[in-house]
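A short write-up of the structure that comes next.
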Protein chains: 2
Amino acid sequence: MTGDERRDQILHVAIKLFSQYGFRGTTTKKIAEEAGVSEAMVFRHFASKSELYHAILDYKACESGNAMPFAWVSEAIKNKNDFEVFYQIILNALNRHQQDPEFMRLLMHSALEGHELADMFINESIVPTYEVLSFYISQRQRDGMFRNLNPKLIVRAFVGMMIHHSINTTLWDKNGRILKITNEEAARGFTEILLNGIKKNTD
Amino acid sequence: MTGDERRDQILHVAIKLFSQYGFRGTTTKKIAEEAGVSEAMVFRHFASKSELYHAILDYKACESGNAMPFAWVSEAIKNKNDFEVFYQIILNALNRHQQDPEFMRLLMHSALEGHELADMFINESIVPTYEVLSFYISQRQRDGMFRNLNPKLIVRAFVGMMIHHSINTTLWDKNGRILKITNEEAARGFTEILLNGIKKNTD
DNA sequence: GTCTATACTAGGATAGAC
DNA sequence: GTCTATCCTAGTATAGAC
């Protein structure tokens, strides 16, 4: 195996283990073992355990194209297509989380252990969501279409449904013992609840 | 200091540190240091670090009166007072979480590290919530008051708003930088969104 | 009930041979 | 590029004195 291949392999083993046991809970010994090499090899490719963690950060930051958030709903936002705005955001999030459940766990470990990944994610993914959506909501309130609830509170309700469902499906209720449902159905259901919940009564 | 007092003190220091750094991330040395005693004293009161963790479990299990969940909303459920049912549950949860933010962190560490606390909490707090509420919701659907969405999905939306808000206020957004709001306002807002979202249109 | 000293283990990291 | 052997530190736990 070439150097780069080996490096890549170790990186992926580390991602898997870190996401499972957290940074502290994962030993370099275990990483080496799972990769089928000696511990010395791990330290040949990554100067320290901490550097390995940062390599994962870079990798994940590049992989998840968080660069241009919401470009793909700008059309729906422009057209004031309420359903499409919320449905697409939620469906996209659920799909991404499901494709990469490791990332969810990595993120939560990171948040609790106080590593940078969590901050990175909040700044590049959560904060923009709050900004874009609360701006859209207050606009629709001025249009007289939504009731005058605190826009940020609405966003929190929305993000809450989304994240909690993702965490449930990817971490605890993997086989759908409590609730088995496709991402499309979930996205549709949540969007309906939210929109009916905040729309101005027409009567 | 008497034996019991000292034991209690060590227990509380441990709760604080475990909730902050997790089980693995907390050293017995650190516990001893914060308690102002030698490490040997910690092991005099608790045979092992693991026993200390289980003592915390017992303590927390007794402290949070999860024994009779929802006895205090049974009146509202009987009277089919929709607002009261959801408002009281959510307000109660937000207040409890806020009074004991340590518990939230402890719980999350536990969930990720795969300790029993998480299972305990899910079985004694989350599962009953799902059961009681989805039963109530399907009843109100038969009454023709709620739309025919999957009851479990509705509960998930509800629990999602609740938990996500708690996590935000107790863990990340403590000073309300993103959203500053009282528990009463939040509970009212979420309840309004949810109820309007699932009520049958009267027109 | 408390301490100091210490045994033992595990985990991170390196040296040096092949 | 890979291994074995090893060092060092930190962490759990115990012994024994006061």
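Every chain is numbered from 1 and lettered A, B, ... according to where its sequence line falls, protein lines coming before strand lines. Computed over heavy atoms, backbone and side chain alike; hydrogens, waters and symmetry mates excluded. From a predicted model like this one, the values you see are computed outputs, not experimental measurements.
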Show which side-chain atoms of residues 78-85 of chain A pair as donor or acceptor with protein atoms under 3.5 Å away, not counting sequence neighbours.
residue	atom	partner	partner atom	Å
A/N79	ND2	A/E75	O	3.4
A/K80	NZ	A/D143	OD2	2.9
A/N81	OD1	A/E84	N	3.3
A/D82	OD1	A/Y136	OH	2.5
A/D82	OD1	A/R140	NE	3.0
A/D82	OD2	A/R140	NH2	3.1
A/E84	OE2	A/Q88	NE2	2.8

_Does anything in residues 1-14 of chain A form a side chain to side chain donor-acceptor pair (under 3.5 Å)? List the pairs, not counting sequence neighbours._
A/R6-A/Q9, A/H12-A/Y59
With [X], which residues qualify under side chain to side chain donor-acceptor pair (under 3.5 Å), at least two apart?
| X | value |
| --- | --- |
| A/K16 | A/E34 |
| B/Y87 | none |
| A/N92 | A/R96 |
| B/T27 | none |

*asked:* Over all strands shown, is A/R6 touching base, sugar-phosphate only, or nothing at heavy-atom distances under 4.0 angstrom?
replied: sugar-phosphate
*asked:* So A/V37, base contact, sugar-phosphate only, or nothing? Heavy-atom distance under 4.0 Å.
replied: sugar-phosphate
*Heavy-atom contacts under 4.0 Å between residues 7-17 of chain A and DNA chain C, which residues?*
none
*For A/D100, what residues pass the side chain to side chain contact (heavy atoms under 4.5 Å, CB included) criterion, not counting sequence neighbours?*
A/K60, A/E63, A/E102, A/F103
*Kindly give the heavy-atom pair with the smallest separation between B/I122 and B/P128, and that separation in Å.*
O-CD, 4.1 Å
*Output all residues satisfying salt bridge (charged side-chain N to carboxylate O under 4.0 Å, His left out) with A/R44, sequence neighbours left out; order by chain, then residue number.*
none
*Only counting residues at least two apart or in another chain, list the ones meeting salt bridge (charged side-chain N to carboxylate O under 4.0 Å, His left out) with B/D119.*
none
*Segment of DNA chain C, first to last nucleotide, that comes within the 4.0 Å heavy-atom reach of chain B*: C/dG1 to C/dT4
*Summarise protein proximity over nucleotides 8-15 of chain D in one line of letters, 5' to 3': B for base, S for sugar-phosphate only, - for none, counting protein heavy atoms closer than 4.0 Å.*
---SBBBB
